[in-house]
Amino acid sequence: MASFSTSSSRPYHIIIFGASGFTGQFVVEEVARTASEGPKGNLKWAVAGRNRTKLEKVVEQAAGALSMPELKSEVDILVADVSDLDSLAAMCKQAVIVLSCVGPYRFFGDPVVKSCVENGAHCIDISGEPQFLESMQLNYHDQAAEKGVYIVGSCGFDSIPADMGVIYTRDQFKGTLTAVESFLTASAGPEGGCIHDGTWQSAIYGLADSNKLRSLRKKFGHKPLPVVGPKIKRRGTLFYSNELQQYAIPFMGTDPSVVKRTQRYLTEELKESPVQYGAYVGIGGISNIFKLVFAGLMFFFLVKFSFGRNLLIKVKHTMEGSSFRFIFIGEGYTEGSDPSEGKPNGKIRTLVKGPEVGYVATPIAMVQAALTMLNESDSLPNTGGVYTPGATFAKTTLIDRLNKHGLNFNISLFLCLLEHREVLLPFKASLQCCCFQV
């Protein structure tokens, strides 16, 4: 395994690559804010990117925003560029973990992963692009395993809340959880929602390349995962969700892809029972449906043409006051019940909620993932490789760390089905899960 400790030749626990980008700036602030949580209370870190002047400005801004003037003298600045492979190699050789903030990853992510694997640096990214994530697994997993390097993708809002939310729901269920559906809602705050260039471009190009993703997946040669309990029923393109009390649609982001990859790892490598997963997002009332249909038609039309993608890429919104909430509804067989016989006899409801998804929640998730790797390397998968968050952190305290930083995982309801009657057992958010027998 590649080391998780610094040395004279590898002096930094963390290097933030792409630190002068929009998301990178917030990651810089989050690393500075949580540096005391590093190994033995001391995190050694640096920033890296193409332009030294811009990087200096980012560090200066963070110093001002956090009232930490010492950052200007303590944080080292490295110049590296994805188009200059020697500079990438020099950077990776100095890092224990590289935090890659260089989206859209389909354009800029591959050289970073390749250099990390070749030069013994672990890598965390915040990609929401299934094609990139799965191609990294196809191309680099074996080499990373041989080198003992951990490459962990989608460690931002895409897809830590969903992937770790399913893990959390499974762990709180007293028995065998067989299926989970998640329902995402987001509040926009007074200035509207937030999405910036890298995130927006990732969504645009991800949908534009959906056909290539299907072709990529065939190369893995995966067998279908076994189904425990009844097969999950997929909902329609548009439906009224009783769970949300509003209309909902299937979630078109990377969460379903990431969760399925995690479940495959847990099933094939750890011999755990797989959990089926369906993901949905709330869109509001009747009036929003017509807006969504029009916006969706325009979006799918524009992403097919270069002029349309360029037009969409110019769209930006602000982010003050926004937040998100996932509701997870799971079902399975309670302790003592045989999953091979009869219908599921237990249900569970959990919540994951947090602040603005792109530039508040994402830096928190990314940095806590890195700190977890540094502090709990013995709880990671036995060998290196290209992994999902759930596969990487299922046996760690990442969820506890996230809870302390504003990404809250809570169990809200446990339900037992007994002789065709539903028995509701409510939980308060502040309580730990207990085992109930009905």
Side-chain angles (χ1 to χ4, degrees), residues 161-185 223-236 239-246 248 250-251 255-256 259-280 282 325-353 390-391 394-395 399 408-438:
D163 202 17
M164 298 306 295
V166 173
I167 297 285
Y168 176 80
T169 305
R170 181 204 66 179
D171 289 348
Q172 301 305 311
F173 189 84
K174 301 305 178 182
T176 302
L177 187 71
T178 60
V180 173
E181 291 181 311
S182 68
F183 300 86
L184 169 65
T185 56
K223 296 179 180 179
L225 284 173
V227 174
V228 180
K231 189 173 182 178
I232 194 170
K233 295 180 180 179
R234 301 298 173 184
R235 312 238 187 169
F239 63 95
Y240 187 80
S241 166
N242 291 320
E243 295 83 0
L244 298 178
Q245 295 294 300
Q246 60 180 272
F251 182 65
D255 290 351
V259 170
K260 188 170 185 178
R261 288 171 58 213
T262 293
Q263 293 305 312
R264 182 172 296 281
Y265 168 81
L266 296 176
T267 302
E268 295 180 351
E269 300 298 326
L270 302 187
K271 310 306 178 185
E272 297 180 357
S273 180
V275 177
Q276 302 172 74
Y277 179 63
Y280 305 95
R325 184 179 73 157
F326 273 102
I327 298 175
F328 294 87
I329 307 293
E331 69 174 20
Y333 297 82
T334 56
E335 290 178 325
S337 302
D338 186 348
S340 65
E341 297 181 2
K343 295 181 179 180
N345 63 348
K347 292 187 177 181
I348 189 171
R349 181 179 187 266
T350 60
L351 299 175
V352 177
K353 58 184 179 180
K395 309 303 181 184
I399 289 174
N408 301 123
F409 292 68
N410 295 302
I411 181 169
S412 62
L413 185 72
F414 187 84
L415 182 152
C416 284
L417 304 179
L418 184 63
E419 295 179 354
H420 307 292
R421 292 183 291 112
E422 295 186 350
V423 182
L424 302 181
L425 302 176
F427 287 72
K428 293 183 179 180
S430 60
L431 295 180
Q432 298 295 318
C433 178
C434 300
C435 180
F436 286 81
Q437 296 181 345
V438 179

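- In this structure the side chain of Asp171 never reaches within 4.5 angstrom of the side chain of Ile399, judged on heavy atoms.
- Side-chain atoms of Tyr333 and Asp338, non-hydrogen and from C-beta on, never get closer than 4.5 Å to each other.
- Of all the heavy atoms in Val352 and Gly165, the pair that sits closest is CG2-CA, 4.2 Å.
- Taking the centre of each ring, Tyr280 and Phe239 come in below the 6.0 Å mark.
- Glu272 CD to Thr262 OG1: the interatomic distance, rounded to the nearest 0.5 Å, is 11.0 Å.
- Closest non-hydrogen pair, Ile232 versus Ala179, comes out as CD1-CB, 4.2 Å.
- Closest heavy-atom contact between Gln276 and Val228: NE2-O, 3.6 Å.
- Smallest separation of non-hydrogen atoms from Met164 and Gly390: SD-CA, 3.8 Å.
- Across all their heavy atoms, Tyr265 and Ala391 have their closest contact at CD2-CB, 3.4 Å.
- Taking NZ from Lys174 and CD1 from Ile348, the interatomic distance works out to 8.5 Å, rounded to the nearest 0.5 Å.
- The side-chain contact (heavy atoms from CB on, under 4.5 Å) test with Arg170 singles out one residue from Val180, Thr176, Thr178, Leu266, and that residue is Leu266.
- Counting non-hydrogen atoms of other residues, nucleotides and ligands closer than 6.0 Å to CZ of Arg325 gives a total of 12 or fewer.
- Contact check for Gln263 versus Val166: side-chain heavy atoms found under the 4.5 Å cut-off.
- Between the side chain of Arg264 and the backbone N or O of Glu269 there is no donor-acceptor pair closer than 3.5 Å.
- Under 4.0 Å is where a charged nitrogen must lie from a carboxylate oxygen, and between Glu243 and Arg235 at least one such pair does.
- The side-chain contact (heavy atoms from CB on, under 4.5 Å) with Phe326 is formed by just one residue from the set Asp255, Thr185, Leu351; it is Asp255.
- Looking at every heavy atom in both residues, Ala279 comes nearest to Pro256 through CB-CG, 3.9 Å.
- Looking at Phe251 and Leu184, their side chains come closer than 4.5 Å, going by heavy atoms from C-beta outward.
- Each of Asn410, Ile411, Ile329 was compared with Arg349 under the side-chain contact (heavy atoms from CB on, under 4.5 Å) criterion, and only Ile329 meets it.
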- request: Under the side chain to side chain contact (heavy atoms under 4.5 Å, CB included) rule, what do Tyr240 and Gln245 come out as? Steps first, then yes or no, please.
  value: CA-CA 7 Å; Tyr240 187 80; Gln245 295 294 300; 3.6 Å; yes
